[in-house]
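Atoms within a ligand are numbered from 1 in the order they appear, just like the ligands themselves. For the single chain, residues carry numbers from 1 onward in sequence order.
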Amino acid sequence: MEDHSHCFARPEAREACGVFGIYGPGEDVSRLTYFGLFALQHRGQESAGIVVSDGKKFAWHREMGLVYQAFDESTLSRLQGDLAIGHTRYSTTGSSTLANAQPLVAEWKGGSIALAHNGNLVNALHLRAELEAKGEHFEATSDSEVMLRMVVRAANRTGDVPAALEECMKRWRGAYSLTVLTEKAAIALRDPYGVRPLCIGRLNGKAICFASESCALAVIGADFVRDVKPGEMVIAGADGLESRQVETSPRHALCVFEYIYMARPDSVIEGRLCYEARRGLGHQLAQDSPTAADVVIPVPATGWPAAIGYAERSGLPFGEGLIRNWYVPRTFIQPDQRLRELGVRVKLSPLREALKGKRVVMVDDSIVRGTTKRGVIRLIREAGAREVHVRISAPPYRWPCYYGVDTSNRSELIAARYSKVEDIRREIGADSLAYQSLEGLLEGIGVPRRKLCLACFTGRYPIPIPRDVKLSKLDLEERACRRTPARTRK
Ligand code: AMP
Ligand code: SF4
């Protein structure tokens with residue numbers, strides 16, 4: 001059979017990046033953006049960038065690596081201005097190049113424009129082909145470049161960047177939370193489904209900031225004002241803050257994974273503190289999937305609040321059984337399987353005294369490929385634990401994400417490969433395994449179902465995925481199956 005996988009390799013998936021923006025005449029905007037990005041580091045560790053405007057022209061710096069590696073005193077002091085945007089980028093296979101680092105910068109007939117994107121357009125391939133047919137050449141492989149080129153073209157026609165963005169929002173399909181910079185304005189906008197978070201803050205009563213998560217506002221001492229509404233564009237400039245409701249959608253679809261894993265626990269999204277959502281998931285799990293045990297331990301760090309919740313509700317003692325090396329980035333971003341397996345031991349060490357002879361409940365937020373779980377369970381057993389009962393605060397992750405979380409192909413998801421929990425239990429080597437139910441997830445998080453995207457658990461995608469894009473994340477067997485008429489499928 002013909003393999004089309006290479007056709008879908010471009011533009012590559014965008015992931016849970018972090019975006020920031022500030023309009024703050026008189027403030028040290030580059031340093032504030034730097035600290036904002038620092039707080040958003042968990043959303044992207046591949047590259048970081050800041051673009052500033054002094055009202056007339058841009059200055060920028062983009063570099064591979066963590067925020068503190070990308071910037072030093074001299075690069076920051078070169079970035080003088082009154083307004084800025086910044087970006088931290090998440091890594092994905094084969095795309096660690098500076099050409100993909102953001103914010104992206106381009107010229108239009110009225111000046112310069114910079115764009116920082118979190119999310120993933122599902123119609124990027126189509127839009128890119130359209131632009132290429134018009135003679136556009138692309139430097140990078142990201143959908144964000146497609147977005148920027150579209151904005152430049154529209155701005156050249158309309159003579160106005162906000163008007164151009166409005167025009168583009170009508171054509172973009174998928175997930176996008178953007179910060180955009182012109183010489184005189186910092187702009188934030190969010191797709192009509194509001195898949196990725198984005199919020200507004202105010203600093204010293206005057207400066208206006210935008211950030212993927214509220215934790216970035218807190219770190220610079222800004223007050224949280226509100227979330228950017230789905231389909232809304234907000235413009236911060238000399239006239240203050242202007243809001244335009246550009247697009248509407250039949251429903252909102254905030255990524256539920258932000259509450260489960262992605263966002264920092266101290267961030268508030270749509271009025272819900274992520275820490276509390278995760279603790280609520282632990283309560284729910286303990287209620288629905290109790291077990292006899294001696295101690296409840298988290299897989300640090302994302303499993304922590306749910307493990308605390310599990311211990312609280314079950315009455316079992318909470319303990320630390322795994323010590324994390326904080327200098328290792330999230331295991332998931334290691335590009336190949338061999339490195340991922342090694343990564344578990346590099347990142348986590350068992351506390352023998354706490355585990356020896358114990359019946360352990362190990363709580364974590366999710367199972368994606370199952371590799372980490374298998375490695376961690378082995379570590380706990382080697383440390384002398386008598387039993388290892390795994391409790392997962394999310395339901396089985398069965399469907400790939402097309403809206404900005406890179407989980408690669410469906411065939412790599414352990415819950416897609418095995419439909420029975422018992423088979424997954426055996427595969428990861430646990431004594432028992434229980435996932436959160438979908439109802440438990442909603443109850444624990446405490447956000448209404450109609451506001452959330454749950455597609456990686458249900459396979460029901462709120463924003464339609466073009467057929468060719470959908471096929472790109474299915475394995476060969478499934479692609480063949482999808483190409484045959486529905487009635488012949490299993
Ligand atoms: P595994 O047991 O190998 O499936 O690894 C799952 C772990 O990866 C979870 O404990 C999460 O902390 C983390 N994780 C879940 N989703 C993602 C994601 N999209 N990107 C990076 N890490 C993730
Ligand atoms: Fe989030 Fe899953 Fe929806 Fe992707 S498919 S946006 S990870 S809930």
Side-chain angles (χ1 to χ4, degrees), residues 13-17 42-46 90-92 118-120 122 174-177 191 193-197 252-263 269 278 298-307 322 324 329-335 337 339-341 343-344 347-348 362-378 390-408 410 412-417 424 427-430 433 435 438 441-442 445 447 449 451-463 465 470 473:
R14 306 271 342 118
E15 305 78 20
C17 305
H42 59 288
R43 297 185 73 85
Q45 296 110 25
E46 181 192 286
Y90 197 100
S91 164
T92 184
N118 171 206
N120 184 48
V122 295
Y176 56 90
S177 280
D191 68 73
Y193 288 81
V195 179
R196 299 279 146 229
H252 295 165
L254 172 67
C255 170
V256 75
F257 229 67
E258 294 282 351
Y259 288 114
I260 297 166
Y261 164 81
M262 211 85 67
I269 305 176
R278 287 172 201 173
V299 178
T302 42
W304 232 315
L322 295 162
R324 181 174 162 168
R330 289 181 172 193
T331 318
F332 199 81
I333 66 167
Q334 304 283 356
Q337 190 72 1
L339 282 183
R340 252 195 298 276
E341 279 174 23
V344 175
K347 188 158 110 177
L348 297 169
M362 184 186 96
V363 181
D364 202 2
D365 57 273
S366 55
I367 309 183
V368 181
R369 294 173 167 93
T371 332
T372 320
K373 233 52 92 240
R374 190 166 42 238
V376 176
I377 293 166
R378 199 182 302 147
V390 176
R391 296 293 179 271
I392 302 296
S393 58
Y397 196 121
R398 290 215 161 91
W399 299 92
C401 177
Y402 298 91
Y403 309 139
V405 176
D406 182 27
T407 42
S408 302
R410 189 158 185 247
E412 289 175 342
L413 303 173
I414 195 168
R417 287 196 286 124
I424 302 173
E427 193 61 19
I428 62 172
L433 166 65
Y435 283 95
L438 203 57
L441 177 79
L442 295 165
I445 286 180
V447 173
R449 186 184 190 127
K451 288 194 166 183
L452 295 169
C453 173
L454 300 162
C456 44
F457 307 126
T458 61
R460 287 192 289 279
Y461 294 93
I463 309 170
I465 316 288
K470 201 166 211 170
K473 287 201 173 186

Just do the side chain to side chain contact (heavy atoms under 4.5 Å, CB included) check on L348 and V299 with the steps written out, would you?
CA-CA 9 Å; L348 297 169; V299 178; 4.2 Å; yes
Item to check | I367 touching ligand 1 at heavy-atom level, < 4.0 angstrom | outcome: yes
Quick one: does F257 get within less than 4.0 Å of ligand 1, heavy atoms only?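 So F257 counts as touching ligand 1.
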Exercise. Look at the side chain of Y403 and the backbone N and O of I463, then say whether any donor-acceptor pair between them is shorter than 3.5 Å.
Key: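 Yes.
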Exam field: side chain R398 to backbone A415, donor-acceptor pair closer than 3.5 Å: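 Yes: the side chain of R398 pairs with the backbone of A415.
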Out of T371, I260, V405, the nearest non-hydrogen contact to atom 19 (N) of ligand 1 is supplied by V405
With a 4.0 Å heavy-atom cut-off (strictly under), which part of [X] contacts ligand 1: side chain, backbone, both or neither?
{"X": "D364", "value": "side chain"}
{"X": "V299", "value": "neither"}
{"X": "T302", "value": "side chain"}

Going by side chain to side chain contact (heavy atoms under 4.5 Å, CB included), name the residues that satisfy it together with C456, two or more places apart in sequence or in a different chain.
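Side chain to side chain contact (heavy atoms under 4.5 Å, CB included) check on C456 returns F257, Y397.
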List the residues meeting side chain to side chain contact (heavy atoms under 4.5 Å, CB included) with R417, not counting sequence neighbours, and say none if there are none.
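Only I414 meet the side chain to side chain contact (heavy atoms under 4.5 Å, CB included) criterion with R417.
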*May I ask you to decide whether E427 forms a salt bridge with R369, counting only side-chain N to carboxylate O separations under 4.0 Å?*
no
Counting C-beta onward and ignoring hydrogens, is there a side-chain heavy-atom pair between Y259 and L254 closer than 4.5 Å? yes
Residue [X] vicinity, atoms of ligand 1 by number, heavy atom under 4.0 Å:
{"X": "S366", "value": "6 (C), 9 (C), 10 (O), 11 (C), 15 (C)"}
{"X": "T372", "value": "1 (P), 2 (O), 3 (O), 5 (O)"}
{"X": "V368", "value": "1 (P), 4 (O), 6 (C), 15 (C), 16 (N)"}

For this session: Evaluate the criterion side chain to side chain contact (heavy atoms under 4.5 Å, CB included) for residue pair R196 and V405; output intermediate values, then yes/no.
Result: CA-CA 10 Å; R196 299 279 146 229; V405 176; 3.3 Å; yes
For V256, the ligand 2 atoms with a heavy-atom partner under 4.0 Å come out as 8 (S)
Within less than 4.0 angstrom of ligand 2, does R196 place any heavy atom? yes
Note to self: Side chain or backbone, does M262 bring an N or O within less than 3.5 Å of an N or O on ligand 1?
What the structure shows: no
Take V256 and L442 through the test side chain to side chain contact (heavy atoms under 4.5 Å, CB included) and record every step on the way to the result. CA-CA 9 Å; V256 75; L442 295 165; 5.7 Å; no
Applying salt bridge (charged side-chain N to carboxylate O under 4.0 Å, His left out) to D364 and not counting sequence neighbours gives K373
* Asked: Can you check side chain to side chain contact (heavy atoms under 4.5 Å, CB included) on I367 and Y435, steps first, answer last?
  -> CA-CA 9 Å; I367 309 183; Y435 283 95; 3.5 Å; yes
Worksheet item: Which residues and atoms, counting only protein N, O or S, are under 2.8 Å from atom 4 (Fe) of ligand 2?
Response: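 The answer is C401 SG.
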- Item | Gap separating the CG atom of L441 from the CD1 atom of I392, nearest 0.5 angstrom |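 These two atoms lie 13.0 Å from each other.
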